[in-house]
Amino acid sequence: MINLFGYRVSWAQLAWFGHRASGLGVLLFLFLHIVETSTVLLGPEVYDLTQTFYKNLPAKIGEVLLMAALVYHSLNGLRVIVMDFWPSTTVYYRPLTYGVIAATVVAMVPLGAIILTPYLPWG
Amino acid sequence: MTVIGSATPRGAIPPTRTHDLDAVVVGAGGAGLYAALELKQELGPEARIGVISKLYPSRSHTGAAQGGVCAALGNTEEDHWEWHWFDTVKGGDYLVDQDAAEVMCRDAVETIINLEHLGLPFDRTEDGLINQRRFGGHTRNYGEGPVRRSCFAADRTGHAILQTLFQQCIKHEVVFFDEYQVLDLALPGGPAGPVSGVIALQLSTSELHAFRARAVLFATGGYGKVFKVTSNAHTLTGDGMAIPYRRGLPLEDMEFFQFHPTGMYKLGFLLSEAMRGEGGVLLNDRGERFMERYAPTMKDLASRDVVSRSIYLEIAEGRGIGGGDFVHLDVRHLGAEVLNKKLPDMSGFIRTYFGLEPLTDLVPIQPTAHYAMGGVPTDIDGRVLADETGRVVPGFYAAGEVACVSVHGANRLGTNSLLDILVFGRRAGKKMAAELANLPEPIVDADAEASVQARISGLLAGSEGERPAVIRAELQEVMFAKCGVYRTEELLTECRDAVAALRVRAQRLLVQDKGCRYNTDLGDALELEYLLDCAEATVASALARKESRGGHAREDFAERDDVGWLKHTFASRDPASGSMSLAYKPVTITKFEPRARTY
Amino acid sequence: MDVTLRIRRYNPEADEAPHWEEYTVSAEPTDRVLDLLHQVKWYQDGTLTFRRSCAHGVCGSDAMLINGRNRLACEYLVRDAGTTITVEAIRGMAVVKDLLVDMEPFWDSLKQTMPFLVNDEIPADGRERRQSQADRERYEDTSRCILCAACTSACPIFWSDQSYVGPAAIVNAHRFIVDSRDTAKQERLEIMADPDGVWRCRTTFNCVEACPRDIKITKAILEVTQEIGKAGIR
Amino acid sequence: MTTTRRPRVIYANPSRAARPRPEASGRERFWWYFMRLSGLALVFLALGHMFIMHVLVVLTGRQIDFAFVQSRWGTPFWRMYDLLLLLLALAHGVNGARIVIGDYVTHRTARGLLLAVLLAISAIWLVAGIAIIAFFDPGAS
Ligand SMILES: Cc1cc2nc3c(=O)[nH]c(=O)nc-3n(C[C@H](O)[C@H](O)[C@H](O)COP(=O)(O)OP(=O)(O)OC[C@H]3O[C@@H](n4cnc5c(N)ncnc54)[C@H](O)[C@@H]3O)c2cc1C
Ligand code: HEM
Ligand code: SF4
Ligand code: F3S
Ligand code: FES
């Protein structure tokens, strides 16, 4: 596999790094989300205005990324949990890792399509 | 050759540091660690017991042993330590000191049980007892048939022993001086003793340290690296034999070196006897199972010395593979089940290092230098003997492969070496503890310290000369070819002269690394000197012994000669004149009269 | 054939900083990387420094970062390594000289785990303690460790924070925790429950991929975690 | 080559007397289990939330606007759902961030400082989040 930072990166290591990055990313969004949702206390006008910021293609791409991050994080989190509570499953860490990555991709195809289609120039 | 590193050699060596300890153990293999543990247990937690080792303890070569360690536990079938005693004496071609072998075989049972108590992960029987298996040369009822006597932890018994003893030493707070190479003994009163410590080089800083103690144990392992093809580690350079030898103390039975028949071609790593035990056979270039000719009954499972000699003869007569210097081990017919389940490590070695598949390919093998039967002479309590009369050197002990008790005589039985290091390592520890109070207060050996300093400065100062590796390679080549499996007067004389010439050349060595940190280049040079000393003693002893016995096979004297040669060789060198002398000590025979050795 | 060795050299006595050096050696496909290092050391540059002893993967001396991964130099053949081979010291440990690192912290971590059997009771008949084959099997895998440090120095958590006790130490704690003869299980579990103990493993599996003995390290770590859970350490 | 630099002479205690014995930590054990259990809950809460808000909404042809929030937070069930999601996601995520900081920031004071900042920010956001859910008045327009 690729050789990053001078150490060959295995899929499992990549999976861990992805878990970490997606977790932090989602957390960051969570902070933003709370700020943005707080406008709901300021009445419909302000809130509806903030919501329009989300209704364009770049924002929707961000939304898909967020979705992907969360889907991946939760699937991989489930993999970690399974191994944690049934250590003998660690023997299958490679297929499990491939499975998580593949499942994320597969899940994101329809989900991405649903979110993006209305905003695509040709959509 | 150029000098790499700093332009100017380092001026002076940093000042000598002194450590006062109660007892010093040199070497952290099975023998050294068991002795240290025993010392701690006997003397209590207050005792200052230091283990000095040039390797981290867990790197010691004891960890490479595969097969097992024998003791007549009788866990799976009837067995008695007397039977084991007989097998040991017979296996050693009657050169075994029978009182020593008696002690070893009797103590074996208790020692193995003790190791279990210390935590050793032995394989178990259905009933939860220590499991045992068969091994070459171990028989029931004085030779009637094979017996299950070898206790084992899968195929890494040595590893389990080393780990367990290291762990217990940690538990008992033995002080470890890791990566310190001992360079000399403190013998302020001359070779007669008493020994009052050692002088060692701290590898990480190149500082010299003086360790003062009333008792010193050498447990530094073998010297297989004098031979080109060997199962031994790079670090087995006979330091512990050469150091007393340089001081004029004798080395016993150095001509007896065991060549294991199935070393991996060129690499020398061992392919365990178990491969043949499971049904593997040896084939020559014509595809003949040649062992049928040399040992009609036992065939491929004849004793190690016999099989090694047969392989050598095939090669000498041009029936090596492609006329070369190796033959084939055929294990193809054993099937995947046996190879992967019973011999996983061996199969792994073949796959990793040869890229061959043992199920479909023939495995190239050649005899490999494996084990030194000889060494520093000791009594049954590990006390080093100053000469053939049995006078001991006060305060000096030796145990393990470095020592010659002699329990292996002319040929060691499989699994008896691990037993030797355990039983005698432990006994030496006990004896040291018992004698400590009566040994004289250690005093400084300023001469020794100065001479070590001079030696190192000399090696570092030179800016031209030969690289140690060049001389070492020549030494290994000549020793393997001329003092190897088969020997003759002519070969040995040539070998002696070649070694002498190499010794002269080695007086001008080029050490390219002039630094202080982990100067392993300097280490190579020092170890080469030790190898040359061991080679000298080996060749001189072999040249003198005009008979064939066990590991010492002379083409020109093919028979064993009990009238003339039922005796131990003591080789020594006068430090002043540099001349070699040989003396002889009778073999102790208590129960088993020498008989012809047939299997 | 000729093989190019790229070795990361560093001698704090002489060099300001680590640097790469290239050596060309002739080699057979069946040569080990260790053989090539020896060729350089013995015949080209005597200052090259590394540890080694057994040369066949049983002593654990020569874990190195070769071609981007931790391996034993004596177990990696030119056949598999190719004709350009990069070699550097393992990560996360101070480089003392060239390929040789300071192992003391590694041994310290090991020693903290009480790596020895604790059981003062000896059977009344003076014989061995009994242990069923099934109980023996439980620590078979972890008792195979050769303390080479390839795992610990491959762990991304250890790279960034060396106070993590590391997979090797946990493997060796596991060997005793699941040994039916041991009587200090509770104490060991308490040690392993240290904030720098098992909790820090992020199941990265670099350790497993690096281990020359193919020990199921992550499984062992998680088994220790489970034992801590069962023992109810607070 | 350059001149020889004298190495710092290291007189390390060769006995390597062990560092102080590590101590059990119920705290880390708690957080280890918490990450796993909260993770399990979040699979339903967070993924469910994302699914409803970003997928179902589109599929049912609705919009996220004030009215939508009004109708949702009009039922105690969704309020409780979102409150639980907020609490768990924050705790889970912030503890995760704490672990990450612990891994990469090894300098003691720097680590302490960063963790304090993280905690402070998280506390403020936590209070804010609870306030939003608690004080939102679905009757207002
Ligand atoms: C591949 C192989 C397989 C074997 N299999 C078996 C088997 O199945 N059964 C069996 O009974 N025997 C077997 N043997 C033989 C047996 O393993 C050895 O004879 C035995 O382990 C030697 O132990 P030791 O304690 O004497 O020395 P070692 O374990 O060799 O230890 C030597 C110690 O001395 C230290 N040392 C050396 N020189 C110095 C110095 N100058 N200063 C400081 N320290 C120094 C080293 O660091 C090391 O710690 C086998 C041997 C080999 C090579
Ligand atoms: C959706 C379901 C989720 C599951 C199943 C889940 C599971 C997990 C698990 C098991 C871990 C521990 C990983 C480890 O110890 O290696 C973890 C870590 C983490 N999670 Fe989640 N999580 C989920 C949602 C979230 C959310 C919503 C956030 C953000 C707010 C988040 C942020 C994090 C962070 C930052 C870490 C630390 C990463 C690390 O230590 O490398 N997670 N998650
Ligand atoms: S677990 Fe494997 S990699 Fe780690 S120290 Fe032991 S043998 Fe080496
Ligand atoms: S690489 Fe490190 S994170 Fe865990 S699985 Fe191995 S210890
Ligand atoms: S030299 Fe012993 S493991 Fe490589």
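Only this structure's heavy atoms are used, side chains among them; waters, hydrogens and symmetry mates stay out. The chains referred to below are lettered A, B, ... by the order of the sequence lines, with proteins before strands, and numbering in each begins at 1. Everything quoted here is computed from the prediction, not taken from an experiment.
Between C:Cys145 and the options C:Leu110, C:Val171, C:Ile217, a side-chain contact (heavy atoms from CB on, under 4.5 Å) holds for only C:Val171.
In this structure, C:Arg202 is not positioned above the aromatic face of A:Trp16 in the sense of NZ or CZ being under 6.0 Å from the six-membered ring centre and within 45° of the axis.
Looking at C:Lys219, the atoms closer than 4.5 Å to chain A (heavy atoms on both sides) sit in the backbone and in the side chain alike. At a 4.5 Å heavy-atom cutoff, C:Ala220 makes no contact with chain A through either its backbone or its side chain. Residue contact with chain C, scored on non-hydrogen atoms closer than 4.5 Å, involves the backbone and the side chain of A:Ser88 alike. If you measure heavy-atom distances from C:Gln226 to chain A, the contacts under 4.5 Å come from the side chain alone.
Between A:His19 and A:Tyr72, the two ring planes are perpendicular [angle over 60°; tilted spans 30° to 60°].
Annotation: A:Tyr93 is in aromatic contact with C:Phe205 [ring centroid separation under 6.0 Å].
Most heavy-atom pairs under 4.5 Å with chain A, from the set C:Thr218, C:Val208, C:Asn70: that is C:Asn70.
Screening residues 75-96 of chain A for salt bridge (Lys or Arg N to Asp or Glu O under 4.0 Å), with sequence neighbours left out, gives A:Asp84-D:Arg36, A:Arg94-C:Glu209.
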